[in-house]
Amino acid sequence: QVQLVESGGGLVQAGGSLRLSCAASGRSFRWYDMGWFRQAPGKEREFVATIGLSGVRTDYTDSVKGRFTISRDNAKSTVYLQMNSLKPEDTAVYYCAGGSYGSTRRDYHYWGQGTQVTVSS
């Protein structure tokens, strides 16, 4: 089992930045590829970013490329999502996930509780 706890969400103006963190505990964090997803009100949960075991391989959904950066610190069992140039359409609950490198929900076995990100215009 892996327990995931997100933090760092909040309210920010358009154009601003936030850094989300996801702390893992339980089974070895370095065994899992990690991902970030988000869910806006009334919408399906969607893929945002994924990162491989070593942190070298990453992938992003097109709408966040060039603005968001996923990274991980295996020594701290933590994955990050740096979000810059935020837009109102980035408003959502952001979820951390652990599993296999990929862009679909079924690639991931473990999920955090989510952290709210609200971007005002």
Side-chain angles (χ1 to χ4, degrees):
Q1 283 281 16
V2 175
Q3 291 77 43
L4 303 172
V5 179
E6 302 95 336
S7 62
L11 173 64
V12 63
Q13 288 188 329
S17 298
L18 282 175
R19 188 195 196 199
L20 305 184
S21 299
C22 173
S25 61
R27 297 188 68 180
S28 182
F29 173 77
R30 64 186 67 232
W31 293 354
Y32 297 98
D33 300 313
M34 299 296 294
W36 286 96
F37 286 71
R38 66 186 180 186
Q39 188 166 17
K43 294 188 176 182
E44 294 289 318
R45 192 173 299 187
E46 64 172 359
F47 167 75
V48 175
T50 184
I51 188 166
L53 298 177
S54 66
V56 173
R57 187 171 56 155
T58 60
D59 194 19
Y60 301 87
T61 192
D62 286 346
S63 63
V64 308
K65 285 181 180 177
R67 300 189 298 123
F68 290 11
T69 302
I70 188 172
S71 61
R72 66 190 294 163
D73 185 336
N74 288 340
K76 295 182 178 179
S77 297
T78 302
V79 62
Y80 305 97
L81 186 68
Q82 177 67 43
M83 306 185 295
N84 299 328
S85 302
L86 282 161
K87 303 175 181 180
E89 51 264 43
D90 294 318
T91 294
V93 177
Y94 282 71
Y95 296 90
C96 173
S100 300
Y101 190 87
S103 61
T104 67
R105 294 181 64 177
R106 62 177 178 269
D107 292 316
Y108 298 90
H109 310 294
Y110 304 106
W111 293 85
Q113 295 291 79
T115 185
Q116 176 70 48
V117 171
T118 303
V119 184
S120 63
S121 57

Reported [atom1]-to-[atom2] distance for the pair [X] and [Y], which is rounded to 0.5 angstrom:
X: M83; Y: Y94; atom1: CE; atom2: OH; answer: 5.5 Å
X: R106; Y: S100; atom1: CZ; atom2: OG; answer: 11.5 Å
X: Q116; Y: L11; atom1: CD; atom2: CG; answer: 9.5 Å
X: E46; Y: S103; atom1: CD; atom2: OG; answer: 11.5 Å

Linking I/L/V/M/F/W/Y whenever any side-chain heavy atoms sit under 4.5 Å apart, do [X] and [Y] land together?
X: L86; Y: F47; result: no
X: W31; Y: I70; result: yes
X: V79; Y: V117; result: yes
X: V64; Y: Y80; result: no

Between F68 and W36, ring centroids under 6.0 Å: no
Ring centres under 6.0 angstrom apart (Y95, F37): no
Does a side-chain heavy-atom distance below 4.5 Å link [X] with [Y]?
X: L20; Y: T115; answer: yes
X: W111; Y: R105; answer: yes
X: T58; Y: Y60; answer: yes

Nearest heavy-atom neighbours spanning T78 and A23: OG1-CA, 4.1 Å
Side chain to side chain contact (heavy atoms under 4.5 Å, CB included) between Q82 and S17, worked out: CA-CA 8 Å; Q82 177 67 43; S17 298; 4.0 Å; yes
F29/M34 under side chain to side chain contact (heavy atoms under 4.5 Å, CB included): CA gap, chis, key distance, verdict: CA-CA 9 Å; F29 173 77; M34 299 296 294; 3.8 Å; yes
Modelled atom types, side-chain donor and acceptor of T50 and Y108, under 3.5 Å: yes
Whether over 12 other heavy atoms sit under 6.0 Å from K43 NZ: no
Q113, CD: over 12 other non-hydrogen atoms inside 6.0 angstrom: no
Checking [X] side chain against [Y] main chain: does a donor-acceptor pair fall under 3.5 Å?
X: R72; Y: G52; answer: yes
X: T61; Y: V48; answer: no
X: E6; Y: C96; answer: yes
X: R67; Y: S85; answer: yes
X: N74; Y: L53; answer: yes

Salt bridge K87-D90, side-chain N to carboxylate O under 4.0 Å: no
Worked check of side chain to side chain contact (heavy atoms under 4.5 Å, CB included) between D33 and I51: CA-CA 6 Å; D33 300 313; I51 188 166; over 6 Å; no
Intermediate values then yes/no, side chain to side chain contact (heavy atoms under 4.5 Å, CB included), L81 and T69: CA-CA 6 Å; L81 186 68; T69 302; over 6 Å; no
By ring pair (Phe, Tyr, Trp, His ring centres under 6.0 Å) - contacts of Y110 (at least two apart): Y32
Residues in side-chain contact (heavy atoms from CB on, under 4.5 Å) contact with S121, at least two apart in sequence or another chain: P88
